[in-house]
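In this text, all values refer to a predicted model and were calculated from it rather than measured experimentally. The analysis underlying the following values was restricted to heavy atoms, covering all of them including side chains, and did not include hydrogens, waters or symmetry mates. Numbering starts at 1 and runs along the sequence shown.
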Amino acid sequence: MEGKPFVIEDAVASIVRAPLASPFRIATGQHDELANVFLCLRSGDGICGYGEAAVATHITGETVEGTLANLQIAAHALRGSWVDNPKEVCKGFAHAFAGNHAGLAALEMAVLDLFARKQEVPLYQLFAPATGRQPQLSFDTDITIVIGTLDEARSGAKQFAARGFRKFKIKIGKDEDLDLMRILAVWQAAPGSELILDANMGFTADRMLAFLARLEKYQIRPALLEQPVPRTDWQGLAQITAKLAGSGILVCADESVGSLDDAKRAIESQAVSAINIKTMKSGFIEGVEIARLAAANGIRLMLGAMMESSLSITASAHFAAGLGCFDFMDLDTTFFLKGEPAHSPCLNERGHFDLAGAGPGIGVVAKF
Ligand SMILES: [Mg+2]
């Protein structure tokens, strides 16, 4: 990852807010608005690279104020500095962002975006394909049915199915009987769709397996089951994974895997058959290492997101496109926003990404 060196003339971090169309509810909490920290890096010729930190306090404990403070310190350090190898520049900040992975993701995104724009290449070209893979420039995201009433699940699924969505990620883990009815409602509203269940740690292993058995009675078998049990319940994950081997249902770690070390543990203990990578959990540089390790070990991959705008979502799309080893795309948060702080020319209204012709850089102009 080297190219023509340049100087960062200016760097500014600021908070950007945008309302949601409706609250984004999961088993462990909810988002009521997008309140993210954006970073803009500008070179002497006026070219800007953008980064975004999506802070999910109810999931990670990070705060918007703390992330802003960290990014302001980093911005100060970056002003006047040379960039020849963006990966090295990013690595130099990893320690300063310990415990603030969303902040690190924003910093890395902005440095990589500016670098790619300066080299006049799309961002995905900075992520070489995983072994044996090819860049994948075209794919569909799933759409999330958040925790809510039966009517909300039914009407949400109907609306999104009518728009052309064919992959549904249903949040469960608050109320098993209601969850079952919500899943049936989505299946009826969008028959034949790919179903992903995300429990956000809301079950025990035994309860999860019993719940899947109830679903089987309706001939419903999800393609993937995400984070059924608490983050540190490796035994529970391994129990479910062993039980579902050969069933066609993948067991995916999300909250359990934030770092490369977590991924190593998950793989070595055969706890899961899939991992959900999010740039907001691991940053871009470490995220690449997790993806390569998982792909080399036959672990399937999902690319997920926190409450991110089109800017960050499209950066993640480039990440997945370059590596070419992701089977599940969960980059749908822009569909829950009202009034976007950014617009992505690569993403259409039915959740289809097309990165052919994208860029330079992320190819998205942020309005802040
Ligand atoms: Mg999840």
Side-chain angles (χ1 to χ4, degrees), residues 23-31 56 58-61 142 144-154 156-157 167-190 193-258 262-263 265-276 278 281 299-300 302 304 328 330:
F24 193 93
R25 281 184 234 104
I26 67 172
T28 49
Q30 70 178 53
H31 274 283
H58 64 286
I59 300 169
T60 67
D142 62 23
T144 303
I145 302 297
V146 299
I147 293 278
T149 66
L150 180 58
D151 277 348
E152 285 167 342
R154 185 182 291 119
K167 299 164 192 257
F168 290 81
K169 174 162 167 173
I170 307 165
K171 294 286 192 181
I172 60 173
K174 284 287 271 187
D175 178 333
E176 288 179 34
D177 292 334
L178 179 57
D179 286 345
L180 188 79
M181 289 193 291
R182 291 170 57 245
I183 294 166
L184 292 175
V186 172
W187 186 244
Q188 281 162 4
S193 292
E194 180 179 277
L195 296 187
I196 292 167
L197 304 182
D198 187 359
N200 287 108
M201 314 190 284
F203 287 75
T204 62
D206 287 339
R207 274 177 39 229
M208 191 73 250
L209 289 168
F211 185 81
L212 289 175
R214 288 176 76 188
L215 271 183
E216 276 283 341
K217 289 187 183 147
Y218 298 92
Q219 274 112 44
I220 294 179
R221 190 174 281 194
L224 182 143
L225 171 65
E226 195 176 326
Q227 197 66 44
V229 296
R231 193 172 60 81
T232 54
D233 186 4
W234 296 99
Q235 211 182 341
L237 280 175
Q239 182 190 337
I240 297 169
T241 299
K243 187 83 181 174
L244 295 181
S247 69
I249 304 175
L250 295 166
V251 181
C252 180
D254 181 0
E255 286 87 340
S256 292
V257 173
D262 295 336
R265 179 172 185 167
I267 293 167
E268 281 162 15
S269 62
Q270 300 186 316
V272 294
S273 43
I275 292 175
N276 182 346
K278 294 173 180 166
K281 292 193 295 186
I299 299 291
R300 307 282 289 277
M302 173 185 285
F328 298 90
D330 179 31

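When all heavy atoms of A238 and S269 are compared, the pair lying nearest together is CB-O, 4.4 Å. Closest approach of S247 to R221, counting heavy atoms only: O-NH1, 2.9 Å. Taking every heavy atom of both residues into account, P228 and A199 meet most closely at CA-CB, 3.8 Å. The nearest pair of heavy atoms linking A157 to I145 is N-CD1, 3.7 Å. Closest approach of E176 and F211 over heavy atoms only: O-CE1, 3.3 Å. Counting all heavy atoms, side chain and backbone alike, A263 lies closest to I275 at CB-CD1, 4.2 Å.
Qualifying salt bridge (charged side-chain N to carboxylate O under 4.0 Å, His left out) partners for E152, counting only residues two or more places apart in sequence or in other chains: R25. Partners of R265 according to the salt bridge (charged side-chain N to carboxylate O under 4.0 Å, His left out) rule, which considers only residues two or more places apart in sequence or in another chain, do not exist here. Under the rule for a side chain to side chain donor-acceptor pair (under 3.5 Å), T241 has no partner lying at least two apart in sequence or in another chain. In this view, K171 and D198, N200 satisfy the side chain to side chain donor-acceptor pair (under 3.5 Å) rule, not counting sequence neighbours. For K243, the side chain to side chain contact (heavy atoms under 4.5 Å, CB included) test picks out L209, with sequence neighbours left out. With sequence neighbours excluded, the residues satisfying side chain to side chain contact (heavy atoms under 4.5 Å, CB included) with I220 are I183, L184, W187, L195, L215, Y218. Qualifying salt bridge (charged side-chain N to carboxylate O under 4.0 Å, His left out) partners for R231, counting only residues two or more places apart in sequence or in other chains: none. Partners of D206 according to the side chain to side chain donor-acceptor pair (under 3.5 Å) rule, which considers only residues two or more places apart in sequence or in another chain, are Q239. When the ring pair (Phe, Tyr, Trp, His ring centres under 6.0 Å) test is applied to F328, no partner is found at least two apart in sequence or on another chain. In this view, D262 and V257, S259 satisfy the side chain to side chain contact (heavy atoms under 4.5 Å, CB included) rule, not counting sequence neighbours. Every residue meeting the side chain to side chain contact (heavy atoms under 4.5 Å, CB included) condition with K278, not counting sequence neighbours, appears here in chain and number order: D254, N276, K281, M306. The side chain to side chain donor-acceptor pair (under 3.5 Å) search around D142 returns none, not counting sequence neighbours.
Between the CG atom in L237 and the CE atom in M208 there is a gap of 11.5 Å [rounded to 0.5 Å]. To the nearest 0.5 Å, atom CZ of residue R207 and atom CG of residue L212 are 12.0 Å apart. Once rounded to the nearest 0.5 Å, the distance linking NE2 of H31 with CZ of F24 reads 8.0 Å. The line from CZ of R300 to OG of S273 is 8.5 Å long, rounded to the nearest 0.5 Å. M181 contributes atom CE, which lies 10.5 Å from atom CG of D151 (distance to the nearest 0.5 angstrom). The line from CG of L180 to CD1 of I172 is 9.5 Å long, rounded to the nearest 0.5 Å.
By the 4.5 Å heavy-atom criterion applied to side chains, D179 and F203 are counted as neighbours. For the pair I196/E194, a side-chain contact is recorded, criterion being any heavy-atom separation below 4.5 Å from C-beta on. Inter-residue side-chain proximity for E226 and L197 is flagged as unmet; no heavy-atom pair is nearer than 4.5 Å.
The environment of CD in Q235 is sparse: at most 12 heavy-atom neighbours from other residues, nucleotides or ligands sit within 6.0 Å.
For S193 (side chain) and A190 (main-chain N/O), a donor-acceptor pair under 3.5 Å exists by modelled atom type.
Under the 4.0 Å criterion applied to side-chain N and carboxylate O atoms, D177 and R214 are assigned as salt-bridge partners.
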